[in-house]
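So that the names make sense, note that chain A is the first sequence line, chain B the second, and so on, each numbered from 1. Everything numeric here is computed off the predicted structure, so don't read it as measured data. In what follows, every heavy atom counts, from backbone to side chain, and hydrogens, waters and symmetry copies are set aside.
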Protein chains: 2
Amino acid sequence: MADPLILQARPLTAAAFAPYGDVLETQGHSSEAMNQGWAERFRDIADIDVADQNGRVSISWVHSRADTAPVGLRLLERHPLGSQIFMPLNGHRFLVVVGPSGELPGRERLEAFVSNGRQGVNYRKGVWHHPMIALDAASDFIVIDRGGPGHNCDERSIPGGEVEVRL
Amino acid sequence: MADPLILQARPLTAAAFAPYGDVLETQGHSSEAMNQGWAERFRDIADIDVADQNGRVSISWVHSRADTAPVGLRLLERHPLGSQIFMPLNGHRFLVVVGPSGELPGRERLEAFVSNGRQGVNYRKGVWHHPMIALDAASDFIVIDRGGPGHNCDERSIPGGEVEVRL
């Protein structure tokens with residue numbers, strides 16, 4: 001049994017996450033006034049991509065128990081037919097582990113990011129990722145992804161063995 | 001100048017809001033296990049309706065200043081081409097004022113609801129509503145509505161004069 005690979009998590013930023021998808025936050029986006037100046041709106045902060053002929057946008061609520069670091073990871077998944085947004089509702093941090101789309105990446109190609117709890121993520125279609133991991137406390141998320149028929153989840157063991165994520 | 005009409009706000013519930021759209025919450029929805037039982041997912045908690053030939057789903061972030069009750073209202077708007085979701089991110093209450101779709105409703109036909117801050121709303125296409133009003137503190141919302149060309153916002157004065165909402 002191979003030793004776990006140690007993966008150090010980094011703060012989530014749009015630049016670092018760009019190869020994998022979008023960070024849902026206001027930073028880096030321009031806004032316009034709405035409601036007679038009472039509010040400001042930052043438009044199109046994520047690219048939804050579910051537009052095959054059978055796809056539709058689906059809204060889910062996910063409630064997750066919290067995990068504690070270090071976190072041991074053994075599997076990856078991807079959604080070949082659509083993007084997937086996780087937006088946190090309680091302000092708690094969560095952990096995002098991703099690898100490039102395409103062929104299943106070895107464990108040394110994974111990256112780990114920590115959302116500050118006011119940032120959501122949008123996994124681009126086909127990007128390998130570990131299931132989202134809530135930190136600090138049980139958390140609720142709005143999930144925006146593809147509904148409709150078709151095989152839209154591949155799940156695999158991480159090639160090379162366990163990965164241990166440190167915060 | 002007519003006296004304001006006093007409108008008493010009620011707690012937001014799916015049953016009371018049903019004529020106008022969806023309440024985004026877990027209550028009343030069934031869930032399935034995800035992430036090896038670590039999380040539960042409540043699917044399709046809102047009906048997105050933006051599916052004319054030029055429409056697409058758009059994700060925005062809205063930051064709103066807070067208002068204090070009683071709130072004086074003078075205008076209504078509706079989106080003839082699509083539904084519109086407001087999901088709060090900070091857990092603060094907000095005020096939802098709605099009227100039936102179709103002909104512009106008189107002020108005596110309006111209803112007011114208070115979200116507990118863990119409930120979002122989805123206005124059905126064409127439902128008249130006042131711009132969302134944050135209570136208690138400045139608040140952030142994820143907005144999911146229609147992007148694309150076409151006239152998708154009608155704004156009118158409330159027929160009959162001002163409405164004063166009490167919490």
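- Using a 4.5 Å cut-off between heavy atoms, A:D67 contacts chain B through both its backbone and its side chain.
- Residues of residues 23-39 of chain B having a heavy atom under 4.5 Å from any heavy atom of chain A, listed by number: B:L24, B:E25, B:T26, B:M34, B:N35, B:Q36, B:G37, B:W38, B:A39.
- For B:L89, the parts lying under 4.5 angstrom from a heavy atom of chain A are both the backbone and the side chain.
- A:I142 touches chain B through its side chain: at least one heavy atom from C-beta onward sits under 4.5 Å away, while N, CA, C and O do not.
- Of the atoms belonging to B:A66, it is backbone heavy atoms, and not side-chain ones, that fall under 4.5 Å from chain A.
- Hydrophobic clustering of Ile, Leu, Val, Met, Phe, Trp and Tyr side chains at less than 4.5 Å, counting indirect connections, unites A:I133 with A:I158.
- Under the 4.5 Å side-chain contact rule for hydrophobic residues, A:I48 and B:I48 share a cluster.
- Taking hydrophobic clusters as Ile, Leu, Val, Met, Phe, Trp and Tyr residues chained together by side-chain heavy-atom distances below 4.5 Å, A:L167 does not share a cluster with A:M132.
- Tracing side-chain contacts under 4.5 Å through hydrophobic residues (I, L, V, M, F, W, Y), one never reaches A:L73 starting from A:Y20; they form parts of separate clusters.
- Transitive grouping of hydrophobic side chains (ILVMFWY, heavy atoms separated by less than 4.5 Å) brings A:L135 and A:L7 into a common cluster.
- Residue A:V143 touches chain B through its side chain alone, counting heavy-atom pairs closer than 4.5 Å.
- With a 4.5 Å cut-off on non-hydrogen atoms, A:A134 does not touch chain B at all.
- Interface residue A:D145: only side-chain heavy atoms are found under 4.5 Å from chain B.
- The contact list for residues 94-131 of chain A toward chain B, using heavy atoms and a distance under 4.5 Å, reads A:R118, A:P131 by residue number.
- At a heavy-atom cut-off of under 4.5 Å, chain B is reached by A:L75 from residues 75-83 of chain A, listed in order of number.
- Close approach to chain A, defined as a heavy atom under 4.5 Å from one of its heavy atoms, is seen in B:R56, B:V57, B:S58, B:I59, B:S60, B:W61, B:V62, B:H63 of residues 52-63 of chain B, taken by number.
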